[in-house]
Amino acid sequence: MRRVSPKIVERVMRTLGHSIEGMELPAIEKISSDQQADPFRILIGTLLSARTQDATTHAASTRLFRAACTPTAMAALTVDEIEQLIYPVGFYRNKAKFVKATCAALDTRFGGTVPRTLAEMVTLPGVGRKTANLVMIRAFHSNKNICVDTHVHRIANRMGWVTTREPHQTELALYRATEERWWPYLNRYLVTWGQNVCRPVYPKCGDCVLAPGCPRLGVEKVGRRSRV
Ligand code: SF4
C-alpha cells in the first residue's frame with residue numbers, strides 16, 4: 001500500500017475537523033467522554049455499544065455501573081443479573097457473558113486493572129481490535145493506535161487511501177498510508193462523517209466538502225442533495 005500524500009491527508013483531516021463541529025459524536029466517543037477516561041468504564045461501555053443505539057448503551061452502562069463499579073464486583077454478578085441490567089442492548093445475552101468473563105480475567109490476570117497494551121487487551125473475552133484500540137486512544141491517550149470500524153473502513157476505501165476488504169486490513173494499511181499525528185482522530189472524524197454524509201448507502205456526495213478531491217471509489221449511487 002502506497003503512502004497517501006501527506007498534504008491530501010492533512011487537507012481532508014483539517015476540513016473534517018471543522019465540518020463535523022456541531023454534528024453528533026459517535027457512540028463510542030460519547031461513552032469515552034461520559035466515563036471520564038476511566039479505562040474500565042470505557043472498556044465495558046464500548047463492549048455494550050456494538051449494534052446498539054447511543055441512548056440505550058448509555059442507560060444500560062449507567063445501570064450496570066450503579067450495580068457494580070469494579071471488575072471484582074462485576075465479576076461477582078451472575079450472567080442473569082448482568083443480562084437484566086443491560087437489556088435491551090443488542091446481543092445482550094452474549095454481551096452479558098463477555099462482560100462477566102472479561103471482568104473475571106481483569107481480576108485474576110491483570111490485578112483488577114485494564115491492561116495497557118493492545119496485545120494484552122485483545123486476549124480479554126469479547127474484546128476485538130476496534131474496542132482495544134479505542135481504549136488505548138481514549139483511556140491511555142495513545143498516539144500509536146487507529147480505531148477502525150465499518151465507517152472508517154468504507155470511507156478510507158472510497159477516498160482511495162487504502163484498498164482493503166476487511167477493517168483489520170484497513171487498520172494496518174492506514175498505519176502505512178497516513179502520518180502518525182492523525183491516527184487518534186481518524187475514528188472520530190470518519191465515523192461522524194460516515195453517519196452524516198458518506199453513508200453506507202446513497203452517500204451525499206453532492207453535499208460533501210471532500211467531493212472535489214474524492215475519487216468516490218466503489219460509489220455507484222449517491223443520495224439527493226440537501227435543500228439549502
Ligand atoms: S465525495 Fe462522496 S464518497 Fe467521497 S467522502 Fe464525500 S460522500 Fe464519501
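All residue numbers in this chain count up from 1 along the given sequence.
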Work out which heavy atom in [X] is nearest to a heavy atom in [Y]; give both atom names and the distance.
X      : Y      : result
Val162 : Ala173 : CG1-CB, 3.5 Å
Pro212 : Cys208 : CD-O, 4.3 Å
Ile146 : Tyr175 : N-OH, 3.1 Å
Lys95  : Ala50  : NZ-O, 2.5 Å
Ser142 : Pro184 : O-CG, 4.0 Å
Ala104 : Ala75  : N-CB, 3.7 Å

Main-chain N/O of [Y] paired to [X] side chain as donor or acceptor, under 3.5 Å:
X      : Y      : answer
Asp149 : Val152 : yes
Lys204 : Arg199 : no
Asp107 : Cys103 : no
Lys130 : Val148 : no
Thr52  : Gly90  : yes

With sequence neighbours excluded, tell me which residues meet side-chain hydrogen bond (donor to acceptor under 3.5 Å, both in side chains) with [X].
X      : value
Asn133 : Asn145, Glu171
Arg154 : His151
Lys144 : Glu180
Trp183 : Thr178

From [X] [atom1] over to [Y] [atom2], what is the distance, rounded to the nearest 0.5 angstrom?
X      : Y      : atom1 : atom2 : answer
Thr150 : Ile155 : OG1   : CD1   : 9.0 Å
Leu134 : Met136 : CG    : CE    : 11.0 Å
Thr62  : Leu85  : OG1   : CG    : 11.5 Å
Ile42  : Thr131 : CD1   : OG1   : 12.0 Å
Arg158 : Cys205 : CZ    : SG    : 7.0 Å
Arg41  : Leu64  : CZ    : CG    : 9.5 Å

If we only count heavy atoms from C-beta on, is the [X] to [Y] side-chain gap below 4.5 Å?
X      : Y      : answer
Val99  : Leu77  : no
Lys100 : Glu81  : no
Ile44  : Phe65  : yes
Pro115 : Leu106 : yes
Trp182 : Leu174 : no
Ile137 : Cys147 : yes

Practice task
Could you walk me through whether Leu124 and Met121 pass side chain to side chain contact (heavy atoms under 4.5 Å, CB included), step by step?
Solution key: CA-CA 6 Å; Leu124 296 167; Met121 228 183 291; 4.1 Å; yes
Exercise for the section: Could you give me the CA-CA distance, side-chain angles and deciding distance for Leu16 and Tyr185, then say whether side chain to side chain contact (heavy atoms under 4.5 Å, CB included) is met? Expected result: CA-CA 10 Å; Leu16 288 182; Tyr185 303 102; over 6 Å; no
Under 3.5 Å donor-acceptor pairs involving side-chain atoms of residues 189-196, not counting sequence neighbours:
unit_1	atom_1	unit_2	atom_2	d
Thr192	OG1	Arg188	O	2.6
Asn196	ND2	Thr192	O	2.8

Practice task
Answer yes or no for Arg51 and Phe91: cation-pi contact, defined as NZ/CZ to six-membered ring centre under 6.0 Å and angle to ring axis within 45°.
Solution key: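 Not flagged: Arg51 not positioned over aromatic ring of Phe91.
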Exercise for the section: For a side chain to side chain contact (heavy atoms under 4.5 Å, CB included) with Ser61, tell me which candidate from Leu48, Thr46, Ile86 qualifies. Expected result: Leu48
Problem - Glu179 atom CD, over 12 foreign heavy atoms within 6.0 Å - result: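 Buried by this count: over 12 neighbours within 6.0 Å.
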Problem - More than 12 heavy atoms from other groups under 6.0 Å of CZ on Arg93 - result: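 At most 12 heavy atoms, drawn from other residues, nucleotides or ligands, come within 6.0 Å of this atom.
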What donor-acceptor contacts under 3.5 angstrom involve side-chain atoms of residues 18-27, with partners at least two apart or in another chain?
unit_1	atom_1	unit_2	atom_2	d
Ser19	OG	Thr15	O	2.8
Glu24	OE2	Lys30	NZ	2.8

Handout entry: Those residues that, when tested against Tyr202, pass ring pair (Phe, Tyr, Trp, His ring centres under 6.0 Å) (two or more places apart)
Key =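 Testing Tyr202 for ring pair (Phe, Tyr, Trp, His ring centres under 6.0 Å), a comparison that skips the adjacent residues, returns none.
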Problem - For Tyr92, all residues meeting ring pair (Phe, Tyr, Trp, His ring centres under 6.0 Å), sequence neighbours excluded - result: Tyr87
Fill in the blank from the handout: salt bridge (Lys or Arg N to Asp or Glu O under 4.0 Å) filter on Arg63, not counting sequence neighbours, yields none
Practice task
Scan side-chain atoms only and decide if Thr170 and Thr164 contain a donor-acceptor pair under the 3.5 Å cut-off.
Solution key: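 There is such a pair (donor and acceptor under 3.5 Å, judged by atom type) between the side chains of Thr170 and Thr164.
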Hey, can you pull the donor-acceptor pairs under 3.5 Å for the side chains in residues 216-223, sequence neighbours left out?
none

Practice task
Give a yes or no on whether Phe98 and Leu118 share a hydrophobic cluster (residues Ile, Leu, Val, Met, Phe, Trp, Tyr; joining criterion: side-chain heavy atoms under 4.5 Å apart).
Solution key: no
Handout entry: Co-membership, hydrophobic cluster, residues Val89 and Val79, 4.5 Å side-chain
Key =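 Looking at the clustering, Val79 is in a separate group from Val89.
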Handout entry: Residue pairs fulfilling side-chain hydrogen bond (donor to acceptor under 3.5 Å, both in side chains) with at least one residue in residues 113-124, sequence neighbours excluded
Key =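 side-chain hydrogen bond (donor to acceptor under 3.5 Å, both in side chains) check on residues 113-124 returns Arg109-Thr123, Thr117-Glu120.
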Exercise for the section: With sequence neighbours excluded, tell me which residues meet side-chain contact (heavy atoms from CB on, under 4.5 Å) with Ala76. Expected result: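 For Ala76, no residue satisfies side-chain contact (heavy atoms from CB on, under 4.5 Å) once neighbours in sequence are set aside.
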Practice task
Before giving the answer on side chain to side chain contact (heavy atoms under 4.5 Å, CB included), spell out for Asn157 and Arg165 the whole-Å C-alpha distance, their side-chain angles and the decisive distance to 0.1 Å.
Solution key: CA-CA 9 Å; Asn157 273 279; Arg165 282 182 305 207; over 6 Å; no
